[in-house]
Enquirer: 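Structure below; questions to follow.
Heads up: numbering here begins at 1 and tracks the sequence.
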Amino acid sequence: MKKANIEEWSGILVYVECRKGKVHPVGRELIGEAWRLAEKLKTSVYAAAAGARLDDVSGQLADCPLEQLYLFETEDEYTPVVYEKIITGCIEMLKPAIVLIGGTHEGRALAPRLAVAFESGLTADCTSLEIDEEGNLIQIRPAFGGNVMARAGLSSPQ
């Protein structure tokens, strides 16, 4: 994959983990966080879910402020290569400036695969996300055994 021109990308995509048609609670939490960030950036929030029996997922997320929900029917058990291909395709289609993925076992397996595929940054274990005055995403996470809170910034085009 060739390196993307990030200036053309906008919006926030949330990966919503689902099993047996049930949304993992971290998905709703991340959508709320994405909405808070999107208001500051004046951009849209999208969500993508992959798995089996996704008929009820739309209803479970009906009250969430999403521009669009993308559902990809596939095996219910997380398969790294399959899920990476699905979400890579979704990211290529949407071109989101920010992708949020929960720190679950699945998220910790999927996020680095996507970061490598898109030659992008990845910050794990964030406890807080902010947007600075220039519109950059600031990620806050514990460091040095939790004794320090580290701040990392990534540019996010408007």
Side-chain angles (χ1 to χ4, degrees), residues 1-19 21-51 53-74 78 82-104 106-141 151-158:
M1 170 177 296
K2 74 173 190 174
K3 193 161 185 174
N5 178 1
I6 193 69
E7 298 301 319
E8 299 171 354
W9 294 42
S10 67
I12 301 173
L13 174 65
V14 176
Y15 174 70
V16 177
E17 189 174 327
C18 301
R19 283 301 153 264
K22 185 167 172 48
V23 171
H24 191 290
V26 75
R28 292 181 60 84
E29 291 174 28
L30 287 175
I31 291 169
E33 186 67 13
W35 180 249
R36 186 182 66 76
L37 297 172
E39 285 182 315
K40 291 180 182 179
L41 292 171
K42 298 184 180 6
T43 193
S44 300
V45 176
Y46 306 91
R53 297 181 274 182
L54 298 178
D55 298 340
D56 295 334
V57 171
S58 294
Q60 292 171 59
L61 299 175
D63 61 337
C64 292
L66 294 172
E67 180 76 23
Q68 184 73 40
L69 171 62
Y70 296 90
L71 301 175
F72 299 95
E73 192 78 28
T74 188
Y78 175 73
V82 172
Y83 277 59
E84 176 189 357
K85 185 175 181 178
I86 289 168
I87 302 305
T88 295
C90 183
I91 292 171
E92 287 173 338
M93 176 186 68
L94 288 174
K95 295 181 174 29
I98 299 169
V99 178
L100 300 179
I101 301 174
T104 63
E106 183 175 315
R108 289 176 184 275
L110 180 61
R113 297 177 78 91
L114 297 174
V116 168
F118 288 95
E119 298 180 21
S120 67
L122 168 68
T123 304
D125 302 321
C126 293
T127 57
S128 181
L129 299 170
E130 300 172 4
I131 301 295
D132 72 9
E133 305 80 39
E134 289 89 39
N136 297 315
L137 176 65
I138 305 298
Q139 302 123 95
I140 298 141
R141 67 174 307 278
R151 297 172 64 90
L154 291 176
S155 295
S156 176
Q158 302 302 315

Enquirer: V99 vs I87, test: side-chain contact (heavy atoms from CB on, under 4.5 Å). Steps then yes/no.
Expert: CA-CA 10 Å; V99 178; I87 302 305; 5.8 Å; no
Enquirer: Establish, from distance only, whether the side-chain atoms of E106 and Y15 form a donor-acceptor pair under 3.5 Å.
Expert: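 Per modelled atom types, E106 and Y15 side chains form a pair under 3.5 Å.
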Enquirer: Using only atom types and a distance under 3.5 Å, with no angle test, would you say the side chain of R19 pairs donor to acceptor with the backbone of H24?
Expert: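 Side chain of R19 to backbone of H24: no pair is present.
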Enquirer: Using atom types as modelled and distance alone, determine if a side-chain donor or acceptor of R28 lies under 3.5 Å from a backbone N or O of Q60.
Expert: yes
Enquirer: Quick check for you: to the nearest 0.5 Å, what is the distance between I12 atom CD1 and L37 atom CG?
Expert: 5.0 Å
Enquirer: Are side-chain heavy atoms of V45 and P65 found at a separation under 4.5 Å?
Expert: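 V45 vs P65: side chains apart.
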Enquirer: For a 4.5 angstrom cut-off between non-hydrogen side-chain atoms, does I131 reach L137?
Expert: yes
Enquirer: Between L54 and A49, what is the shortest heavy-atom contact and its length?
Expert: CD1-O, 4.0 Å
Enquirer: Between atom CD1 of I101 and atom CG of L114, what is the distance when rounded to the nearest 0.5 Å?
Expert: 5.0 Å
Enquirer: Show the nearest heavy-atom pair for residues P112 and G107, with the distance to one decimal.
Expert: CD-O, 4.1 Å
Enquirer: State, to 0.1 Å, how close A115 and L122 come at their nearest heavy-atom pair, and which atoms those are.
Expert: CB-CB, 3.9 Å
Enquirer: At what distance, to the nearest 0.5 angstrom, does CG of L110 lie from OH of Y83?
Expert: 10.0 Å
Enquirer: Decide yes or no on side-chain contact (heavy atoms from CB on, under 4.5 Å) for Q139 and L129, but give the supporting numbers first.
Expert: CA-CA 5 Å; Q139 302 123 95; L129 299 170; 3.6 Å; yes
Enquirer: If we ignore hydrogens and angles and just use 3.5 Å, is the side chain of R108 paired with the main-chain N or O of A124 as donor and acceptor?
Expert: no
Enquirer: Quick one: closest heavy-atom pair of V14 and G27, and the distance?
Expert: CG1-O, 4.1 Å
Enquirer: Taking atom CZ of F118 and atom OG1 of T88, what is their separation to the nearest 0.5 Å?
Expert: 4.5 Å
Enquirer: Side-chain contact, heavy-atom cut-off 4.5 Å: I91 with W9?
Expert: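 Answer yes - side chains close enough.
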Enquirer: Say you draw a straight line from CG of L71 to SG of C18; how long is it, rounded to the nearest 0.5 Å?
Expert: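 That separation rounds to 7.5 Å.
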Enquirer: Please name the pair of heavy atoms, one in V26 and one in G102, separated by the smallest distance, quoted to 0.1 Å.
Expert: CG2-CA, 4.1 Å
Enquirer: Can you tell me how far apart OH (Y46) and CD (E67) are? Round to the nearest 0.5 Å.
Expert: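 With rounding to 0.5 Å, OH (Y46) is 5.0 Å from CD (E67).
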Enquirer: Of the non-hydrogen atoms in I31 and C64, which two are nearest, and what is the gap between them?
Expert: CG2-CB, 3.8 Å
